[in-house]
There are 2 protein chains.
Amino acid sequence: MSDSRSRRRATGRTTLADVAQAAGVSPITVSRALRGERAVDPALVARVQEAAQRLGYVPDPAARALASQRGTHVAVLIPLLSNALFVDLIEAVQRALRPAGYQTLIGITHYDESEEEQLLREQLLHRPAGLIVTGFERSAAARALIAGSGVPCVHVMETSTQPGQYSVGFSQQDAGRALTEHLLAQGRRRIAFAGAQLDARVMQRLQGWRQALQAVGGHDPRLEFLHPAPSSIALGGQMLEQILAFRPAVDAIFFCNDDLAQGALLAALRLKVAVPRRLAIVGFNDLTGSEHMLPPLTTVRTPRAAIGEAAARMLLGLIRGEAPATPGVDLGYELVVRGSS
Amino acid sequence: MSDSRSRRRATGRTTLADVAQAAGVSPITVSRALRGERAVDPALVARVQEAAQRLGYVPDPAARALASQRGTHVAVLIPLLSNALFVDLIEAVQRALRPAGYQTLIGITHYDESEEEQLLREQLLHRPAGLIVTGFERSAAARALIAGSGVPCVHVMETSTQPGQYSVGFSQQDAGRALTEHLLAQGRRRIAFAGAQLDARVMQRLQGWRQALQAVGGHDPRLEFLHPAPSSIALGGQMLEQILAFRPAVDAIFFCNDDLAQGALLAALRLKVAVPRRLAIVGFNDLTGSEHMLPPLTTVRTPRAAIGEAAARMLLGLIRGEAPATPGVDLGYELVVRGSS
DNA sequence: CTGAAAGCGCTTACAG
DNA sequence: CTGAAAGCGCTTACAG
């Protein structure tokens, strides 16, 4: 009757055993009924659910993780949170994962391979139920960690080239090509590319720019301006000044990200460079503020929220052991033509 | 000799027991030596650490959480990730927490009390080692959840008024007053306040604006423009137009956040309203881009990175059971006067 | 300062 | 379809 002599460490928590007792079944049956795993007599399931509900039972994530060797959270690795792109992605992932009972753990790699590797190592110790990573470019060690972990993983923001890899994204290269073709269609001939950060996706956009120009015999490598610093409004202004100083004949600039293009538009206002008459300026991603610039910025709208949601759904399926209908989902992009081109 | 007949669920993981055996001590001693809890013979500690190092032992977070009823992560509740302010805060928190072995779990409340309550409930089930929440305003149920959980909690972004609460922030009201006094010192007399979102901190800035104007007998309630929508560049432009239409004599506008002020500056360019000659515009927070606007934006620089770091350090102390030297830390703010005023 | 025992609350693996 | 037993890898509580 009395537990006072025992070594109990009462936590006051309602446990599986409590529910089992209330429902008149064994704890294992409660566990199975609640998780929907294996077949359980529907009548028992109902009885168990009623009891769990009544007692306010909530499974202990730590106990579950220890017993099953699998956590109730998903780790998401992104380069940066200061790029609004990834904020939209994360919000969408979280919105899809939370109702399914998974927490989202955000790891920030700062575009650094060794940081990513280190984060991966840490996260994997916590046995996430799933993993979402940005793009395909990473160290061999990082790839080995992912593959060796047995944790389902979805890659986002790019389209997959290799089989056996799950991904949700769009073709950065096609988008870069389409944006350049738009400038060509507007009659622009000396089109510069201004890239910062120089991560894999920026280089893919650059490749699209090259393709479009090569197709019309107008590719000039001297119009590639690549800066390793993170993209920012400040850098965009600097790059504009630099490009105009070095290549005054340039009649359009393709900035690899909207923040650069916004900075360039502000600098153009300051320098009294007429946009788009004298110079067309286009960006990428359609970030906040771009439509309110002077003139409004032409850009490529990227479906990062849709990507986040689709990636989360695919991951939930993989966690349940289902093979996705399409392992590599391409969600496309949308050219948004505004006043700056 | 053979485990093949047993019901072992081999995980291949190096455990406490492995380290204990290698060091020739009991598992409990290993546990204590590694955590630095209670006094352990220094010689043994060295021996244990060497063995742990050699075997590549890493504690299992799930097992630890289950046994100790306390997780190895900290939950951080913020209103939004799309405000760069909170991104800076989160990055700083994570930077301070990671080396200490704590993961950061981000919960987004969307400025919604019931969402915050729900998040708190979920997070508390996971038994976080600590909690960081934004400001002091929340539902009674949420406050009760925090207090009843026994989980150490630090409030950020505001200064504390109540005893027994830990906080790191600055006085939003003082900052609002100082910014308004700056406008008065510049000779502005009809100073409007434009607020969006209308969360507690915005209302504190409004209060500072009122104070400054009341002190000089220039407070006019008709110059308070309050909009419940989230602040954004687009809304800033709209509010500027609206204010100029309703109160054409206004000679300065205090926008409660930089994104509003940036939108207002862009709208002023479009409408050819001379800033600062005809109209001074000031913002709050010193967000990305503000210094590159035309003209550059006068604003208040808020120490959110320092707040994140200090809050994380205070929390680590509280987790260790130490009382902080100062329970309410005020990190101040900095007036940044640029061309727009 | 050190340890043997029990327990945290689940799920896996085996049986029936 | 259901269950008794064991185990996941730690830490707590009690003793000495």
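Every chain is numbered from 1 and lettered A, B, ... according to where its sequence line falls, protein lines coming before strand lines.
- OP1 or OP2 of dG3(C) lies within a sub-4.0 Å distance of a side-chain N or O belonging to Ser26(B).
- Taking 4.0 angstrom as the limit, Ser68(B) places none of its side-chain polar atoms (N or O) nearer than this to OP1 or OP2 of dT11(D).
- For the segment residues 42-64 of chain B, the set of residues with a heavy atom within less than 4.0 Å of an atom of DNA chain D comprises Tyr57(B), Val58(B), Pro59(B), Asp60(B), Ala63(B), Arg64(B), in numerical order.
- Here the C1' atom of nucleotide dT11(D) and the CZ atom of Arg127(B) are 14 Å apart, to the nearest Å.
- When rounded to the nearest whole Å, the span between NE2 of His126(B) and P of dC8(C) equals 20 Å.
- Applying the side-chain contact (heavy atoms from CB on, under 4.5 Å) criterion to Leu125(B), with sequence neighbours excluded, gives Arg13(A), Val58(A).
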Secondary structure of DNA chain D in dot-bracket form (Watson-Crick or G-U wobble, distances below 3.5 Å, | marking inter-strand pairs): |||.||||||||.|||
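- Listed pair Arg13(B) / dG9(D) fails the phosphate criterion, with no side-chain N or O lying under 4.0 Å from OP1 or OP2.
- Protein atom CG of Leu16(A) is 9 Å distant from nucleotide atom C1' of dT11(C), rounded to whole Å.
- Leu120(B) and Leu131(B) get closest at one heavy-atom pair: CD1-CD2, 4.1 Å.
- For the residue pair Leu145(A) and Leu124(A), the shortest heavy atom distance occurs at O-CD2, 3.7 Å.
- Note that CD of Glu158(B) is 9.0 Å distant from OG of Ser167(B), once rounded to the nearest 0.5 Å.
- In this structure, the CG atom of Leu66(B) is 12 Å from the P atom of dC10(D), given to the nearest Å.
- Summarising the geometry, the separation between CZ on Arg32(A) and C1' on dC14(C) is reported as 11 Å, rounded to the nearest angstrom.
- Side-chain nitrogen and oxygen atoms of Ser31(B) include none within less than 4.0 Å of the OP1 or OP2 phosphate oxygen of dC10(D).
- Separating the CD atom of Gln21(A) from the P atom of dG9(C) is a distance of 15 Å, rounded to the nearest angstrom.
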Extract all donor-acceptor atom pairs below 3.5 Å that involve side chains of residues 312-319 of chain B and protein atoms in other chains or at least two apart in sequence.
unit_1, atom_1, unit_2, atom_2, d
Arg313(B), NE, Glu309(B), OE2, 3.3

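- In this structure Arg47(B) satisfies the side chain to side chain donor-acceptor pair (under 3.5 Å) test with no other residue, sequence neighbours excluded.
- Taking a 6.0 Å sphere around CD of Gln53(B), one finds it holds 12 or fewer heavy atoms contributed by other residues, nucleotides or ligands.
- Regarding Ile28(A), its CD1 atom lies at a distance of 16 Å from the P atom of dG9(C), rounded to whole Å.
- Look at CD on Gln69(B): it is 10 Å from P on dC10(C), rounded to the nearest Å.
- Atom CZ of residue Arg138(B) and atom CD of residue Glu117(B) lie 11.0 Å apart, to the nearest 0.5 angstrom.
- Partners of Phe136(B) by ring pair (Phe, Tyr, Trp, His ring centres under 6.0 Å), not counting sequence neighbours, listed by chain and number: His155(B).
- Contact check, Thr29(B) against dT2(C): no side-chain N or O comes under 4.0 Å of OP1 or OP2.
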